[in-house]
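Here's the structure, in structure tokens; my notes come after.
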Amino acid sequence: MKKQIFALFCALVLLLGAVPSAGALTGESARAADTLATLGLVQGTTSGDYALDAPATRAQATVLLVRLAGGEGAAKADPWFAGFRDLPAWAADSIDYAAHQGWVTGVTVLDFKPSDTITANGWCAFLLRMLGYSDKAGDFAVEDAAAFAQRVGLISTAYDGPLTRGDLFEMARDALTFSYKDGNGTIISRLADSGAVSRSAANALGLLTPELTARQAADRHMAAVFRLDCYEKPIEIDAGEPSANASGFFISADGLAVTNYHSIDGAIHAAATLSTGEVYPVESVVWYDADIDIAVLRISRTSADHRTTSAFACLEIAGTQDIRAGDTVYTLGNPLGLGLAVSSGIISATARDVERYALPCVMNTADISRGSSGGALLNVYGQVIAVTSGAYTYGNNMYLAVPIDPVLTADLTGQGQTLKEVADLQAEKEKN
């Protein structure tokens with residue numbers, strides 16, 4: 001019997017539920033605190049419970065920031081005085097040093113307000129500056145710092161308003177594996193290289209090992225994936241009711257993104273919804289191949305509500321050259337339009353010929369569903385090897401992904417075409 005393939009065209013389903021309060025995840029907060037304590041970056045209270053539900057203060061946040069930067073020794077040696085008149089002795093060196101580096105600012109010229117509760121935006125602004133981002137240069141806005149941090153993958157969960165100590169520890173733990181803006185290492189790698197933390201402890205915690213668990217893949221890379229809503233008629237655009245939705249993922253910080261060609265086939269407008277809930281329109285199709293079933297899009301850096309971002313989280317492309325049957329893989333995408341999700345499996349076959357695809361597909365067991373078209377198939381290092389595309393209709397765990405290799409050699413420098421221009425061009429080809 002001829003094997004039938006179903007293309008994972010997408011169902012229109014509303015996103016369900018709200019993000020739970022990060023502060024409510026006390027078990028996760030305790031695990032984050034234990035991780036930081038093992039590295040010598042935090043200490044427990046006298047009762048040994050870290051006071052996870054207590055408000056996190058601006059002084060506590062700054063001391064932790066300096067430790068994350070490996071700057072405790074430099075802070076003690078730095079004679080610079082920031083001019084604040086309200087600093088407690090235990091935090092004065094760190095606050096003066098962080099202010100000298102331009103990472104923190106006072107509430108006023110003379111008052112740091114060390115006992116005030118740190119907010120999500122305030123803490124993310126501290127972290128981003130320490131990592132080399134600048135609000136003065138327009139990389140981010142302080143009032144939008146938490147959303148920007150989530151958008152670029154610095155934090156994996158949405159935070160808002162005042163933070164507890166548990167929140168602070170979770171956000172700091174997540175930041176350990178984030179790279180500095182200059183690309184010269186992550187927070188944890190720099191700490192280990194400088195001797196500020198034990199390399200063996202960091203290794204034991206899995207922070208320096210290149211292979212990722214499914215959870216680590218989701219935490220570190222889900223920010224680079226989005227839901228793609230596609231519209232085929234003006235009336236759908238006016239009503240805000242897409243004809244279909246799919247998945248996509250960024251491959252560059254300035255907005256280049258990959259999806260399946262069949263996901264955009266016939267669409268005249270499309271928009272990407274990020275893990276933050278922000279919506280960014282598709283500007284153009286930079287490159288596509290209908291037979292291979294891949295399209296490279298340029299996503300606008302100005303959102304539907306007219307906010308502009310300086311960067312998106314993005315995934316590294318590895319291709320299929322080194323894959324083998326039995327390798328562990330992860331999928332990131334938007335199954336059934338219910339929201340972004342991760343699944344795991346193994347590669348069943350590295351090059352399975354399938355009638356509707358011009359290139360042999362990667363067959364694997366990592367679950368996908370309608371709406372997953374255009375999602376990322378990752379290796380254990382968090383690199384993209386293929387684009388999730390379909391499955392055998394009557395097969396069990398026989399999912400298909402098209403190799404991303406052609407994108408590595410494609411010319412992505414041009415302005416491209418609009419979705420409508422691509423749709424008109426393909427319609428004309430089909431007539432002929």
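It should be emphasised that the depicted structure is a prediction, and the values quoted were computed from it without experimental measurement.
- Listed here is the closest heavy atom pair of Asp353 and Tyr392: O-OH, 4.2 Å.
- Classification of the Phe178-Tyr133 ring pair by plane angle, with boundaries at 30° and 60°, yields tilted.
- At distances below 3.5 Å, at least one donor-acceptor pair connects side-chain atoms of Thr388 with backbone N or O atoms of Gly375.
- A donor-acceptor contact shorter than 3.5 Å links the side chain of Ser243 to the backbone of Cys230.
- Across every non-hydrogen atom of Asp139 and Gly132, the tightest pair is OD2-O, 4.3 Å.
- For Asp367 and Tyr399, the side-chain atoms include at least one donor-acceptor pair closer than 3.5 Å.
- With hydrogens and angles left out, the side-chain atoms of Asp34 and Tyr50 include a donor and acceptor closer than 3.5 Å.
- Between Leu419 and Tyr231 the shortest side-chain heavy-atom distance does not fall below 4.5 Å.
- For the pairing with Ser179, the side-chain contact (heavy atoms from CB on, under 4.5 Å) check across Asn184, Leu154, Thr186, Val152 returns one residue only, Thr186.
- Under the 3.5 Å distance criterion, the side-chain polar atoms of Asp135 are left unmatched by any main-chain donor or acceptor of Phe140.
- Residues Tyr280 and Phe312 bring their aromatic ring centres within 6.0 Å.
- A donor-acceptor pair shorter than 3.5 Å cannot be found between the side chains of Asn121 and Thr119.
- Contact detail for Cys314 and Ser252: the closest heavy-atom pair is CB-N, 3.5 Å.
- With contacts defined as side-chain heavy-atom distances shorter than 4.5 Å, the pair Tyr288/Gln417 qualifies.
- Looking only at side-chain heavy atoms (C-beta outward), Ile385 and Ile347 come within less than 4.5 Å of each other.
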- Query: Please walk me through it: do Thr331 and Ser343 pass side chain to side chain donor-acceptor pair (under 3.5 Å)?
  - Reply: CA-CA 5 Å; Thr331 65; Ser343 65; 2.3 Å; yes
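- Of the possible donor and acceptor atoms, none in the side chain of Asp53 sits under 3.5 Å from a partner among the backbone N and O of Thr164.
- Within a 6.0 Å sphere centred on CG of Asp160, other residues, nucleotides and ligands contribute 12 heavy atoms or fewer.
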